[in-house]
Visitor: 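Pasting a structure here, questions to come.
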Amino acid sequence: MVKMSSVSTILFIFLSSVMINHLHLVSSKQWCVATLTATNAQLQQNINVGCSQRVDCRPIRPSGSCFIPNTLINHTSFVMNAYYQSHGRTKKACCFKNTGTFAITDPSFGSCVYGS
Ligand SMILES: *[C@@H]1O[C@H](CO)[C@@H](O)[C@H](O)[C@H]1NC(C)=O
């Protein structure tokens, strides 16, 4: 009897930690965006880097789904996030010489979907 209950206690703890890990994974979604302090030159540089490294930049072109809001910082954030998501989601993939930062809320807007 004592043995049984310790087995179920261990099982309960094990299953709880699986659940907690699962919830952690669900809530650890994050997006890479440009910092508000980045200069226009840095933002443009990040677009150039991202778009030359297998990021699909068509959404930020006129008539693309992420053209609006038509600002450099929004276009750059879209490219930086796409780069981050497709390059291993590592801290380094969102560094961009310290002009990248993480957003914990989805920056998607209307038909513009930021990958996660
Ligand atoms: C556009 O950029 C501004 C400034 O970073 C930000 O607050 C806003 O959420 C962005 N909008 C979208 C749709 O990404």
Side-chain angles (χ1 to χ4, degrees):
M1 216 36 199
V2 169
K3 243 195 174 132
M4 246 341 265
S5 77
S6 59
V7 166
S8 43
T9 301
I10 288 166
L11 193 62
F12 176 74
I13 291 168
F14 172 73
L15 290 175
S16 302
S17 66
V18 168
M19 276 307 293
I20 289 164
N21 274 324
H22 180 70
L23 291 176
H24 173 74
L25 283 178
V26 168
S27 66
S28 72
K29 263 190 179 180
Q30 57 184 11
W31 293 263
C32 178
V33 296
T35 61
L36 295 172
T37 53
T39 64
N40 283 353
Q42 288 172 318
L43 295 174
Q44 188 59 57
Q45 174 69 15
N46 293 351
I47 289 188
N48 297 347
V49 169
C51 296
S52 67
Q53 301 283 322
R54 308 190 307 276
V55 165
D56 180 5
C57 288
R58 285 172 296 185
I60 62 167
R61 300 211 180 104
S63 85
S65 59
C66 296
F67 182 66
I68 291 169
N70 182 14
T71 66
L72 186 55
I73 191 161
N74 290 102
H75 287 179
T76 305
S77 291
F78 176 82
V79 171
M80 289 167 72
N81 181 65
Y83 179 91
Y84 166 70
Q85 303 295 344
S86 63
H87 286 72
R89 305 183 92 241
T90 62
K91 223 172 177 181
K92 190 164 163 267
C94 186
C95 178
F96 294 93
K97 298 183 176 155
N98 293 321
T99 61
T101 188
F102 291 108
I104 53 165
T105 56
D106 188 349
S108 299
F109 176 80
S111 55
C112 177
V113 178
Y114 278 60
S116 63

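Note that ligands are numbered from 1 as they come in the structure, with each ligand's atoms numbered from 1 the same way. The basis for the numbers below is simple: all heavy atoms, side chains too, and nothing from hydrogens, waters or symmetry mates.
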Visitor: Treating Ile, Leu, Val, Met, Phe, Trp and Tyr as nodes and any side-chain heavy-atom pair under 4.5 angstrom as an edge, say whether Ile73 and Tyr83 lie in one connected cluster.
Guide: yes
Visitor: Run the side-chain hydrogen bond (donor to acceptor under 3.5 Å, both in side chains) test against Gln53 and tell me which residues pass, sequence neighbours left out.
Guide: none
Visitor: Pairs of nitrogen or oxygen atoms closer than 3.5 Å, one from Thr71 and one from ligand 1: do any exist?
Guide: no
Visitor: Distance to 0.1 Å, residue and atom name: give those for the protein heavy atom nearest to atom 12 (C) of ligand 1.
Guide: Asn74 ND2, 3.0 Å
Visitor: Would you say the side-chain atoms of Asn48 and Gln44 include a donor-acceptor pair closer than 3.5 Å?
Guide: yes
Visitor: Using the rule side-chain contact (heavy atoms from CB on, under 4.5 Å), only one of Phe96, Phe102, Trp31 pairs with Tyr84; which is it?
Guide: Phe102
Visitor: Decide whether the shortest distance between a heavy atom of Pro107 and an atom of ligand 1 is less than 4.0 Å.
Guide: yes
Visitor: Testing the basics here: between Val55 and Gly50, what is the closest heavy-atom pair and its distance to 0.1 Å?
Guide: CB-O, 3.2 Å
Visitor: Can you tell me the protein heavy atom closest to atom 13 (C) of ligand 1 and the distance?
Guide: Phe109 CB, 3.1 Å
Visitor: Might you check, step by step, whether the distance between atom 2 (O) of ligand 1 and some protein heavy atom is under 4.0 Å?
Guide: yes
Visitor: Give me the nearest non-hydrogen protein atom to atom 4 (C) of ligand 1 as residue plus atom name, then the distance to 0.1 Å.
Guide: Leu36 CD2, 3.8 Å
Visitor: Could you tell me which residues satisfy side-chain hydrogen bond (donor to acceptor under 3.5 Å, both in side chains) with Thr71, sequence neighbours excluded, listed by chain and number?
Guide: Asn74
Visitor: Using heavy atoms and a threshold below 4.0 Å, how should the contact between Tyr114 and ligand 1 be classified: side chain, backbone, both, or neither?
Guide: side chain
